[in-house]
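A quick write-up on the structure given underneath.
Keep in mind the model is a prediction, meaning the values are calculated, not measured. Values reported hereafter were calculated over all heavy atoms of this structure, with side chains retained and with hydrogens, waters and symmetry mates removed.
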Amino acid sequence: MSRDWTCPGTNPENPHPPELVTGTDCPLCGMSREAALKGPIPPPPPKSPGSGPVTQIDPYNQPSKRSKGNRWPWLIVPVLVAAGAMTPLILGRTGDPPKTCPTGQALVNGQCQTGVSPPPFPPELISGLSVPSANPTPGTAPIGPLKRLFREEKPDADRGVQLFNQTKFAEALEAFTKAANGDPKDAEILIYKNNALARTATKPPFRIAVIVPAIQNDEVAMEMLRGVAQAQERFNKQGGLNGRYLDLILATDKNDPALGEQVAQFLSTIPDVLAVVGHNISSVTEKVLPIYEKAGMPVISPTSTSTDLKSNTFFRTVPSDEATGNRLVAYLVSQKVTRVALVYDADRYSQSLLRVVKPELDAAQVTVVRGIELTIANFDPNAEIATLNNQPEIDRPEVIVLISGQKNQSVANQLMKANAQLPTDRRFRFVGSDALYDSETLTIGTDVVKGLILAVPWARDSASAEQFTERVRALWKGDVGWRTATSYDALQALIQSLSDQANRASILAALQQVNLPPTETSGDSLAFTNGDRAGEAVLVEATNRPSCGQVAGTGMAFCLLREGRSPKSSPSPTP
């Protein structure tokens, strides 16, 4: 069961590390109640400078390094020529084209070696790497044919896949175009249409991988794909860059860290895959970053927000959990809330938010009267709401704050359903984080979810998003959410970093200098500082106001929070 928050010694400037945020009696410090009451929590041992995730060195994932000052002895030039490696080593330029290897060899420590192959990977989870281009790049490893990650039967799309895999790209383009016109909301089909277009060109395409949680969470996957598809469509329609188009390789990790590592190990060995957009959740992204960093692979996540995510090759187009947590607490303070219950779980995303929100609440003198961990055994949402409701008024929370991860979204929804069973004047108000922003939340019932307030990275009805929202509606024949906006921005940043001789190193250098104006993004300017995007979260409210529009089948939508709304008040009637 959940327990009272009695942990001493919380320091907002030195929050407890992840391993101290769970325990038998104290959900923040991991100490027993008796030990916690005796005194402050001892600080964790200091980390050495530059320490971070430690992973076993994998010979398949080593970066290609070039030394600018070295000159090899002329006596071994014939050997280098035979190995196909003389030019990059003698010239020593980081801007050279990516190194490629002949069939049967793989890139290991920057050298082509025989007798090695990429690590195994389930072929049904990746799409489109083995199909040759009109002008194929030597050394591309066979992965698997183009396939649809989304299983719904669509004859024109299926025909396009078949033609594409037969290298009949012009005919595939025609089939995919027909399929896209028949279903304008399917981003996967639009991506394959543009991939077919890229293969009909006389120059090889730029290849970027996009990793989404398809099969496990198709809705979030499609949201992300709509963003990258819109950016790819715009780039290819404009003729690409000097006749080179954009070819997107799609894969899914199912929001599973182990599968995510396989995806990363696999893609990092393919020299002409220049960069990655993904992964979705922070717990997966944390696992794959060391692999990408060793391979020198640029990776931009549009959705991973944990403050723990740091790497020389990692960027994100979504504000970190620090921005989200601060926005939630600032809103509670503005509404003069003094008591809250805090709902969390063991997910990396949730723990990251917890380390931001709890100290900020303490500093603002907002009391956490109860901590509710969703991942404990035999958790009962109805019993938890009843317990909160039966507390004396001085200990009864005014607001329940939901900062759990995507994997426990259904349990958080059950809490809101249990709350809706209380008499109207006894119901709690809910505020939460961006993980709850999807149609699953809106479908649990108007009476259940109305008035829910979330801190999210982007809102379609904000003034800055007006132009992008118009383009979205023209392309997708409807509205989109924040994951589409941040995914669009991620691919736009990579497009801005392309050049005629683009490779992983040149893209990494260019990303450091990216500075996109609002007209080139989903609404706000885009630049990176240490990989993070500057910006603040915005507040949206679940509402059935007709002027806000509605998500199909829900009667509800998330729209910018109207000024003056208070989480202490009961839900207001629709105007």
Side-chain angles (χ1 to χ4, degrees), residues 64 96-101 103 106-107 118 121 123 125-147 149 164-165 167 169 172-173 176 187-188 190-212 224-225 228-229 231-236 239-252 263-279 292 295-300 313 487 490-508 510-511:
S64 176
D96 293 339
K99 185 164 188 166
T100 59
C101 300
T103 303
L107 194 66
F121 183 73
L125 302 183
I126 197 164
S127 176
L129 270 172
S130 71
V131 181
S133 305
N135 293 280
T137 302
T140 299
I143 306 302
L146 189 74
K147 61 181 65 67
L149 299 179
F164 192 98
N165 289 331
T167 68
F169 300 120
L173 175 59
F176 283 132
E188 184 185 38
L190 185 63
I191 288 170
Y192 291 163
K193 184 196 87 169
N194 275 286
N195 286 356
L197 173 65
R199 302 301 182 93
T200 64
T202 58
K203 295 182 179 179
F206 299 106
R207 310 185 84 189
I208 291 174
V210 180
I211 319 301
V212 297
M224 296 172 68
L225 290 184
V228 295
Q232 181 194 27
E233 169 84 351
R234 184 184 184 190
F235 178 76
N236 285 0
L241 177 63
N242 296 330
R244 294 185 66 185
Y245 294 97
L246 196 56
D247 183 13
L248 298 183
I249 308 303
L250 304 188
T252 176
V263 174
Q265 289 169 348
F266 211 90
L267 292 173
S268 65
T269 65
I270 312 303
D272 66 331
V273 176
L274 300 175
V276 167
V277 174
H279 297 233
Y292 289 133
M297 176 83 85
V299 53
I300 304 184
T313 64
S487 298
L491 193 54
Q492 282 290 91
L494 288 173
I495 288 172
Q496 181 73 15
S497 304
L498 294 176
S499 62
D500 283 331
Q501 300 299 320
N503 58 26
R504 296 175 185 179
S506 70
I507 289 176
L508 275 175
L511 284 173

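The minimum heavy-atom distance linking Ala502 with Phe206 is given by the pair CB-CE2, 4.1 Å. Residues Asn242 and Asp500 come closest through the heavy atom pair ND2-OD1, 2.9 Å. Nearest heavy atoms, Ala201 versus Gly243: CB-O, 4.0 Å. Residues Ser506 and Ser499 come closest through the heavy atom pair OG-OG, 4.4 Å. Of all non-hydrogen atoms in Lys193 and Leu173, the two that sit nearest each other are O-CD1, 3.4 Å. What you find for Leu511 and Ala493 is that their closest heavy atoms are CD2-O, 3.7 Å.
No donor-acceptor distance shorter than 3.5 angstrom exists from the side chain of Thr313 to the backbone of Gly296, with no hydrogens or angles considered. Between the side chain of Tyr245 and the backbone N or O of Phe235 there is no donor-acceptor pair closer than 3.5 Å. Side-chain N or O atoms of Asn165 include one that pairs as donor or acceptor with a backbone N or O of Leu146 at under 3.5 Å. With Arg504 contributing its side chain and Ala275 its backbone, the two residues share no donor-acceptor pair below 3.5 Å. At distances below 3.5 Å, at least one donor-acceptor pair connects side-chain atoms of Asn236 with backbone N or O atoms of Leu246. In this structure, Glu188 contributes its side chain and Leu149 its backbone to a donor-acceptor pair below 3.5 Å.
Note that the CD1 atom of Ile270 and the CE atom of Met297 stand 8.5 Å from one another [nearest 0.5 Å]. Note that the OH atom of Tyr192 and the NZ atom of Lys147 stand 8.0 Å from one another [nearest 0.5 Å]. Here Asn503 contributes atom CG and Leu274 contributes atom CG; the two are 7.5 Å apart, rounded to the nearest 0.5 Å. Going from atom CG of Asp247 over to atom CD1 of Ile191 covers 10.5 Å, rounded to the nearest 0.5 Å. The OG1 atom of Thr252 lies 10.0 Å from the NE2 atom of His279; values are rounded to the nearest 0.5 Å.
The shortest side-chain heavy-atom distance between Gln232 and Leu190 does not fall under the 4.5 Å cut-off. Taking 4.5 Å as the limit, some side-chain heavy atom of Leu197 sits within range of a side-chain heavy atom of Thr200. Using a 4.5 Å heavy-atom cutoff, the side chains of Leu267 and Ile211 are in contact. Between Leu225 and Val210, some side-chain heavy-atom pair lies under the 4.5 Å cut-off.
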- Stepwise, does the side chain to side chain contact (heavy atoms under 4.5 Å, CB included) test hold for Ile208 with Val277? CA-CA 8 Å; Ile208 291 174; Val277 174; 4.3 Å; yes
- Task: Report the C-alpha separation of Leu494 and Ile507 in whole Å, then their side-chain angles, then the decisive distance to 0.1 Å, and conclude whether the side chain to side chain contact (heavy atoms under 4.5 Å, CB included) test is met.
- Result: CA-CA 7 Å; Leu494 288 173; Ile507 289 176; 3.9 Å; yes
